[in-house]
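Contents: one structure, followed by commentary.
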Amino acid sequence: MNDSATVEATGNDHSPDVVDQVALARLYGEPLFAMPQDLYIPPDALEVFLEAFEGPLDLLLYLIRKQNFNILDIPMAALTRQYLSYVDEIRSRNLELAAEYLLMAAMLIEIKSRMLLPPKKAEPGAEPEDPRAELVRRLLEYEQMKLAAAKLNAVPQFGRDFLRAQVTIEQSLQPRFPDVNVADLQSAWRDILARARLVQHHTITREELSVREYMSFVLRTLQGRRFVPFEELFQPEKGSTVLVVTFIALLELAKETLIEITQAEAFAPIYVRLAYSS
């Protein structure tokens, strides 16, 4: 009912009283076939109605579709009169909102004025320029964009029309180990051995060895023998400590002149014998 009442307020007196015997509206349950002449529309309600439009083109497109005007052959007089009636209602209340609407109103008045003038002579075979062409182009483009926006808005949107379901599925997957070649294994093994040598523990045991005892061992070995090779007096299988003690025992015996250590020439074998043996 608000739309019909608004059209009446714009000054359009061409609305029929009865349209195909269909009621224009219902008032308290009774059909209404004619618009009441004393219908009052609150200014604030019209202001809210204007703010619902997205701009002057949206308002023009509404008026054209509401009156079933042919958008390619717009009756500028009727459209301009209805448009100005909307704009007059908000000029005194919301100048910021009315600014862009006033600019479109000036454009409509200019087009209406140009249509009252005789058309310019066109070249032979060419149609005369229509002052409404630019407005029609803008309206068609706006309508296409509006329809495209409506289609995009109809597409289900995440958070508005649906939510994403999250389901945790536990499944056992066979682990896939990386391929390792022989060179990588060797390198890893060398690194492990190097780290092991840095942290390995050494157990040191104390072993008491008597130099005098090994001095007696050397003398017993030389007893009854004229010359004994130097290396024969040592026992490598008993470990490095025994070798050291045996060497010290030889030095002590040589110091006490109980043995003689001889060598025929440089780099020749070394021999040991008892000093007192003939």
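Cluster annotation: L274 is connected to F217 through the hydrophobic network of ILVMFWY side chains, with a link wherever side-chain heavy atoms come within less than 4.5 Å. No chain of hydrophobic side-chain contacts below 4.5 Å, direct or via other Ile, Leu, Val, Met, Phe, Trp or Tyr residues, connects M145 to V136. Note on L219 and Y214: same hydrophobic cluster, where clusters join Ile, Leu, Val, Met, Phe, Trp and Tyr whose side-chain heavy atoms are under 4.5 Å apart, directly or indirectly.
Taking 4.5 Å as the limit, some side-chain heavy atom of L108 sits within range of a side-chain heavy atom of L135. Side-chain atoms of V218 and V228, non-hydrogen and from C-beta on, never get closer than 4.5 Å to each other. Counting heavy atoms from C-beta outward, L59 and Y83 have side chains that approach closer than 4.5 Å.
Residues that satisfy the side-chain hydrogen bond (donor to acceptor under 3.5 Å, both in side chains) test with N153, not counting sequence neighbours, are R160. For D73, the salt bridge (charged side-chain N to carboxylate O under 4.0 Å, His left out) criterion is met by R132, not counting sequence neighbours. In this structure, the side-chain contact (heavy atoms from CB on, under 4.5 Å) partners of P131, at least two apart in sequence or on a different chain, are I111, R114, M115. Every side-chain contact (heavy atoms from CB on, under 4.5 Å) that L193 has, sequence neighbours left out, goes to W189, R197. Every side-chain contact (heavy atoms from CB on, under 4.5 Å) that S187 has, sequence neighbours left out, goes to R190, D191.
Rounding to the nearest 0.5 angstrom, the gap separating the NZ atom in K112 from the CD1 atom in I74 is 14.0 Å. With rounding to the nearest 0.5 Å, the separation of CD1 in I64 from CG in N70 is 9.5 Å. Taking CE of M104 as the reference point, atom CD1 of I109 lies at 12.0 Å (rounded to 0.5 Å).
The backbone N or O of A77 lies less than 3.5 Å from no partner atom in the side chain of T80, so there is not a single donor-acceptor pair.
The salt bridge (charged side-chain N to carboxylate O under 4.0 Å, His left out) pairs that include a residue from residues 211-223 are R212-E256, where partners are two or more places apart or lie in different chains. For residues 245-255, the set of pairs meeting the salt bridge (charged side-chain N to carboxylate O under 4.0 Å, His left out) definition, not counting sequence neighbours, is empty. Listed by first and then second residue, the salt bridge (charged side-chain N to carboxylate O under 4.0 Å, His left out) pairs that reach into residues 138-157 are D58-K146, R65-E143, R137-E141, sequence neighbours excluded.
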Derivation of the side chain to side chain contact (heavy atoms under 4.5 Å, CB included) call for K66 and Q82: CA-CA 11 Å; K66 182 67 177 177; Q82 296 183 28; over 6 Å; no
Start with the C-alpha distance between L61 and Y142, add both sets of side-chain angles, then the distance that settles side chain to side chain contact (heavy atoms under 4.5 Å, CB included), and finish with yes or no. CA-CA 9 Å; L61 194 61; Y142 177 78; 4.0 Å; yes
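Considering every non-hydrogen atom in both F69 and L63, the closest pair reads CD1-O, 4.3 Å.
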Can you list, pair by pair, the side-chain donor-acceptor contacts under 3.5 Å of residues 257-264, counting residues two or more places apart and other chains?
residue : atom : partner : partner atom : Å
E260    : OE1  : R273    : NE           : 3.0
E260    : OE1  : R273    : NH2          : 3.0
Q263    : NE2  : E265    : O            : 3.4
Q263    : NE2  : A268    : O            : 2.7

Kindly list each side-chain donor-acceptor pair under 3.5 angstrom involving residues 229-248, sequence neighbours excluded, with atom names and distances?
residue : atom : partner : partner atom : Å
E232    : OE2  : R225    : NH1          : 3.0
E232    : OE2  : R225    : NH2          : 3.0
Q235    : OE1  : K238    : NZ           : 3.4
T246    : OG1  : V242    : O            : 2.7

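Counting Ile, Leu, Val, Met, Phe, Trp and Tyr side chains that sit under 4.5 Å apart, directly or through other members, F158 shares a hydrophobic cluster with F162. Under the 4.5 angstrom side-chain criterion for Ile, Leu, Val, Met, Phe, Trp and Tyr, V155 has no cluster partners at all.
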